[in-house]
Amino acid sequence: MKTENTVWHEQQVNKAQRAALNNQKSCLLWYTGLSGSGKSTIANAVDALLHQQQCRTYLLDGDNVRHGLNGDLGFSDEDRIENIRRVSEVAKLFVDAGVIVSTAFISPFACDRQMAREKLDHGEFIEVFIDTPIAVCEQRDPKGLYKKARSGEIKDFTGIDSGYDVPKAPEIHVHTDEHSVQACAEQIVSYLRNQGFIQ
Ligand code: ADP
């Protein structure tokens with residue numbers, strides 16, 4: 001619990017200096033989309049492309065984080081909010097460390113994504129909407145989750161019996177049913193280059 005005796009300690013080396021040493025401007029690529037839309041796949045492809053180009057990156061994957069830091073959280077509304085809160089705080093630390101960090105979480109609620117956006121400085125939060133029709137996600141069903149949701153084995157499944165707020169103005173809008181994984185990844189890397197985050 002934060003108390004009045006918890007005082008912020010200014011550090012000598014700042015974010016811009018750390019990022020400059022990495023030859024990049026740090027930022028957060030916040031992937032959002034339905035289960036099976038392709039968030040993890042594309043985030044991994046982008047990470048690989050950036051790494052090839054000597055960029056310093058880190059990928060916080062939704063399922064992986066639930067194995068460790070967020071292993072105590074379930075899928076109730078309260079836990080989903082806490083999940084996003086912790087992830088955005090960790091992502092903020094990575095941005096502060098001068099890294100291009102990506103998060104791949106369904107993050108279905110606009111208010112939670114807004115909360116994450118507000119934690120960062122202006123321009124650092126890049127919402128990447130992985131826009132894939134639910135019929136396509138369900139057909140892919142890479143983890144067999146839609147099948148379980150349809151049979152009632154999983155409750156509160158996004159797109160089936162839990163809502164998804166479609167991003168109104170994402171910085172990057174990706175259509176995976178029209179483009180290959182590689183083309184989608186290149187779209188995102190081009191954005192970073194055009195906006196001056198990478199060279
Ligand atoms: P999410 O992380 O959003 O739950 P995944 O990345 O785990 O989704 O799964 C997406 C699935 O869709 C993978 O099996 C991937 O190979 C497949 N896929 C097919 N075409 C594409 C594409 N253009 N972009 C992303 N994924 C695609």
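Both ligands and their constituent atoms are indexed starting at 1 by order of listing. Atom set for the values below is all heavy atoms of this structure, side chains included, hydrogens, waters and symmetry mates excluded.
- Using a cutoff of 4.0 Å between basic side-chain nitrogens and carboxylate oxygens, Glu124 and Lys119 are not scored as salt-bridged.
- Seen from the ring of Tyr164, Arg113 counts as a face-on cation partner, given the 6.0 Å and 45° thresholds.
- Here Asp177 has no heavy atoms under 4.0 Å from ligand 1, in either its backbone or its side chain.
- Using a non-hydrogen distance threshold of 4.0 Å, Leu34 registers as a contact of ligand 1.
- In terms of polar-atom proximity, defined here as any N/O pair under 3.5 Å, Gly38 does make such a contact with ligand 1.
- For the pair Lys25 and Phe197, the cation-pi test (distance below 6.0 Å, angle within 45°) is passed.
- Annotation: atom 7 (O) of ligand 1 to nearest protein heavy atom, Lys143 NZ, 4.0 Å.
- Thr176 and Arg140 are linked by a side-chain donor-acceptor pair at a separation below 3.5 angstrom, with hydrogens and angles left out of the test.
- Using cut-offs of 30° and 60° on the angle between ring planes, the pair Tyr146 and Phe157 is perpendicular.
- Taking OG1 of Thr158 as the reference point, atom CD1 of Ile134 lies at 9.0 Å (rounded to 0.5 Å).
- With hydrogens and angles left out, the side-chain atoms of Asp61 and Ser40 include a donor and acceptor closer than 3.5 Å.
- Using a 4.0 Å cut-off between heavy atoms, Pro142 contacts ligand 1 through its side chain alone, with no backbone atom that close.
- Under 4.0 angstrom from ligand 1, there are no non-hydrogen atoms of Ala104.
- Nearest residue to atom 6 (O) of ligand 1 from Thr41, Thr132, Val181 is Thr41 (criterion: closest heavy atom).
- Heavy atoms from both the backbone and the side chain of Lys39 come within less than 4.0 Å of ligand 1.
- The closest approach between any non-hydrogen atom of Gly33 and ligand 1 is not below 4.0 Å.
- Heavy-atom proximity to Thr176, at under 4.0 Å, picks out these atoms of ligand 1: 22 (C), 23 (N), 24 (N).
- By the 6.0 Å contact criterion, CD on Gln17 is enclosed, its count of non-hydrogen atoms from other residues, nucleotides or ligands being greater than 12.
- Below 4.0 Å from some heavy atom of Ser35 lie the following atoms of ligand 1, by number and element: 4 (O).
- Considering backbone and side-chain N/O atoms, Gly36 comes within less than 3.5 Å of an N/O atom of ligand 1.
- What sits closest to atom 21 (C) of ligand 1 on the protein, heavy atoms only, is Arg140 NH2, 3.4 Å.
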| request: Please assess Ile106 against Thr32 for the test side chain to side chain contact (heavy atoms under 4.5 Å, CB included), listing each intermediate value before the final yes or no. | output: CA-CA 5 Å; Ile106 298 175; Thr32 173; 5.7 Å; no
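- Annotation for Gln139: atom CD does not count as buried by contact number, only 12 or fewer foreign heavy atoms lying within 6.0 Å.
- Less than 4.0 angstrom separates some heavy atom of His179 from each of these atoms of ligand 1: 23 (N).
- Atoms of ligand 1 found under 4.0 Å from any heavy atom of Ile42, numbered from 1 in the order shown, are 24 (N), 25 (C).
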